[in-house]
Amino acid sequence: MELKIGVIGCGAIGKEHIKRLQYKLQGCTVVAVSDVMEAGAQAAAELAGGVKYYTDIPSIVNDPEVDALVVCSPGFAHKEAVLAAIAAGKPVFTEKPLATTAADCKDIVDAEMASGRHLVQVGFMRRYDRGYNQVKAILDSGDFGQPLILKCTHRNPEVGTNYDTPMAVHDTAIHEIDVLHWLINDEYVSAQVLMPRTTKYSHPALRDPQIMVLKTKSGVIIDLEVFVNCKFGYDINCEVICEEGVVHMPAPSFPSVRKNGYYSTPIEQSWINRFIDSYDVELQNWVDCAKRGVVEGPTAWDGYVAAVTADALVKSQTTGAEEPILTGDIPAFYLN
Ligand code: NAD
Ligand code: ISE
């Protein structure tokens with residue numbers, strides 16, 4: 001049986017996901033797309049091979065041919081689409097973040113629990129990345145003792161002028177917020193943001209770079225540099241300093257070349273290629289699980305925990321203080 005999917009939001013990642021769902025992954029087919037911009041919806045419908053398109057959320061969610069939804073609109077628009085899917089009883093995969101505030105994520109958690117069914121998965125694809133999984137296997141083996149410090153970077157070559165200071169948290173650092181506590185099996189207790197000098201390549205509404213410090217329940221300190229106008233490439237690094245040694249996440253491999261007196265290796269330029277395998281594994285798993293009526297990947301609760309952490313970081317962007325992170329206990333519904 002093919003899972004018939006409707007894709008909401010047909011921008012950069014929407015088009016990438018339409019291509020992989022329609023032409024690469026198994027057991028699914030895109031039957032409809034939707035975007036508030038009609039021209040974008042129409043172009044995406046053609047990309048999917050001439051499927052139907054809509055410009056509003058209720059029409060695609062309630063289309064009887066659509067079994068499940070993939071939400072790729074901007075973060076501020078996720079809540080409406082996810083709540084509509086839950087109300088229709090349809091599985092929904094939403095790109096990160098689940099929503100842009102913890103309060104909105106909590107509304108989604110409450111709606112999913114009230115429905116009595118596991119319907120929501122959040123696109124935290126780094127949990128499916130080979131490099132992070134290799135690091136996790138080493139840490140979980142116990143051979144390196146306890147983790148003590150994490151040094152991470154999340155660098156983008158550049159961002160548009162609509163990208164502002166809070167987006168460094170809920171659009172960019174949200175990936176590390178989710179993957180790092182999963183990586184070390186820990187919980188965050190506080191968050192702080194330090195603002196170095198801003199690069200000349202930024203604009204008045206964006207402090208860039210930023211240093212984000214997260215502390216965990218067991219005492220680990222995470223130092224995350226977010227630098228979204230670094231100019232030189234898409235550069236994701238994660239180093240874990242442990243009691244018995246250091247574990248460094250591998251970077252994707254490129255040929256090294258010798259030319260004109262230089263020995264050099266390219267740096268990845270975009271998230272599209274850096275995490276291409278992770279997106280494939282993530283969405284194939286979601287398709288397989290949606291057909292069985294289960295969610296194995298990051299849940300709405302994971303999206304909520306990430307948003308509580310993000311709210312603390314965004315607050316610290318203004319106060320400069322170490323802000324507490326209080327998520328409460330995981331509901332029994334999400335332990336199943
Ligand atoms: P984008 O701006 O390129 O595309 C967003 C699209 O959504 C646009 O076509 C826009 O017209 C449409 N849209 C806006 N409001 C809408 C609404 N209410 N209903 C339907 N469509 C609407 O953005 P993007 O880079 O594709 O990002 C989209 C989402 O994917 C964001 O949440 C972003 O954080 C996430 N994302 C995730 C990754 C990842 O690595 N997992 C990478 C890129 C983007
Ligand atoms: C984008 O939305 C992503 O999710 C990318 O992975 C991230 O690197 C980038 O900063 C975001 O804007």
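Values in this document were obtained by computation on a predicted structure and should not be read as measured data. Order of appearance sets the numbers: ligands from 1, and atoms from 1 within every ligand.
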- Query: What's the shortest distance from atom 10 (C) of ligand 1 to any protein heavy atom, and which residue and atom give it?
  - Reply: Asp35 OD1, 3.5 Å

- ligand 1 and Asp171, any nitrogen or oxygen pair closer than 3.5 angstrom? yes

- ligand 1 N/O within reach of Trp271 N/O, cut-off under 3.5 Å: no

- Element-labelled atoms of ligand 2 that are located less than 4.0 Å from some non-hydrogen atom of Thr172: 9 (C), 10 (O), 11 (C), 12 (O)

- Query: Can you find an N/O atom of Tyr163 closer than 3.5 Å to an N/O atom of ligand 2?
  - Reply: no

- Note on the structure: Note: heavy atom closest to atom 8 (O) of ligand 2, options Arg126, His154, Met125, belongs to His154

- Among Glu95, His175, Lys96, closest by any non-hydrogen atom to atom 1 (C) of ligand 2: Lys96

- Item | Residue His78 vicinity, atoms of ligand 1 by number, heavy atom under 4.0 Å | 32 (O)

- Message: Please evaluate residues Arg207 and Thr198 with respect to the criterion side chain to side chain donor-acceptor pair (under 3.5 Å), reporting the C-alpha separation (whole Å), side-chain torsions for both, the decisive distance (0.1 Å), and the verdict.
- Response: CA-CA 6 Å; Arg207 293 295 303 264; Thr198 286; 3.1 Å; yes

- Query: Do you see a protein non-hydrogen atom under 4.0 Å from atom 23 (O) of ligand 1?
  - Reply: no

- Query: Can an N or O of Ala12 be found at a distance shorter than 3.5 Å from an N or O of ligand 1?
  - Reply: yes

- Item | Atoms in ligand 1 flagged as close to Ala77, the criterion being non-hydrogen separation under 4.0 Å | 18 (N)

- Query: Got an N/O contact under 3.5 Å between Ile13 and ligand 1?
  - Reply: yes

- Task: Report, in ascending order of atom number, the atoms of ligand 1 lying under 4.0 Å from any heavy atom of Gly9.
- Result: 7 (O), 21 (N)

- Select the closest option to atom 6 (O) of ligand 2 among Phe124, Phe275, Tyr234, judged by heavy-atom distance. Tyr234

- Message: Within ligand 1, which atoms have a heavy atom of Cys72 less than 4.0 Å away?
- Response: 5 (C), 28 (C), 29 (C)

- Item | N or O pair under 3.5 Å between Glu80 and ligand 1 | no

